[in-house]
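Report on the following structure.
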Amino acid sequence: MASREAFQRHLCKLPSINVLDLSKNRFSGRLPGCLGNLTSLQVMDLSNNIITGAVPSSFGSLTALMSLHLHNNRLEGNLPPSL
């Protein structure tokens, strides 16, 4: 569990990242809200994992995002309206 939390902390401190492809990695659990801080992100692919829960409302801050792939997970609810 500690390594997962450390990974999330480091990932969320990459504000200038443009593409994030973590597809097909068997990641599980909920999406961290801090991913909404990656405001330069243009492409996010988290497909084909085991991610659960809802998409955080902070994803609405991803104003540069052009492509979002979340299919083949176990997500629930709606996308934030600003997406």
Just so I know, are the side chains of Gln42 and Val19 near enough to count as touching, which here means a heavy-atom distance under 4.5 Å?
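They are not in contact (no side-chain heavy atoms under 4.5 Å apart), so the answer is no.
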
Report the distance from atom [atom1] of [X] to atom [atom2] of [Y], rounding to the nearest 0.5 Å.
X: Leu79; Y: Ser57; atom1: CG; atom2: OG; answer: 12.0 Å
X: His71; Y: Ser23; atom1: NE2; atom2: OG; answer: 8.0 Å
X: Asp45; Y: Asn25; atom1: CG; atom2: CG; answer: 10.0 Å
X: Leu35; Y: Leu20; atom1: CG; atom2: CG; answer: 7.0 Å
X: Asn49; Y: Arg26; atom1: CG; atom2: CZ; answer: 10.0 Å
X: Leu31; Y: Leu75; atom1: CG; atom2: CG; answer: 6.0 Å

So, for [X] and [Y], which heavy atoms are closest and what is the spacing to 0.1 Å?
X: Met44; Y: Leu41; value: CE-CD2, 3.3 Å
X: Ser58; Y: Gly33; value: OG-O, 2.5 Å
X: Thr39; Y: Ser61; value: CG2-O, 3.9 Å
X: Pro56; Y: Pro80; value: O-CG, 3.4 Å
X: Ser82; Y: Gly60; value: OG-CA, 2.9 Å

Hydrogens and angles aside, do Asn72 and Asn48 bring a side-chain donor and acceptor to less than 3.5 Å of each other?
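Note: Asn72 and Asn48 side chains meet the donor-acceptor criterion.
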
Any sub-3.5 Å donor-acceptor pair from Asn73's side-chain atoms to Leu46's backbone N or O?
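Such a contact is found between Asn73 side chain and Leu46 backbone.
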
Would you mind listing every ring pair (Phe, Tyr, Trp, His ring centres under 6.0 Å) that reaches into residues 27-64, with sequence neighbours excluded?
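Of all non-adjacent pairs touching residues 27-64, those that pass ring pair (Phe, Tyr, Trp, His ring centres under 6.0 Å) are Phe7-Phe27.
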
If you apply the rule side-chain contact (heavy atoms from CB on, under 4.5 Å), what do you find for Leu68 with Val43, and how did you get there?
CA-CA 6 Å; Leu68 176 62; Val43 177; over 6 Å; no

When you look at Ile51 and Leu70, which way does the side-chain contact (heavy atoms from CB on, under 4.5 Å) test go after all the steps?
CA-CA 9 Å; Ile51 300 169; Leu70 298 173; 5.8 Å; no

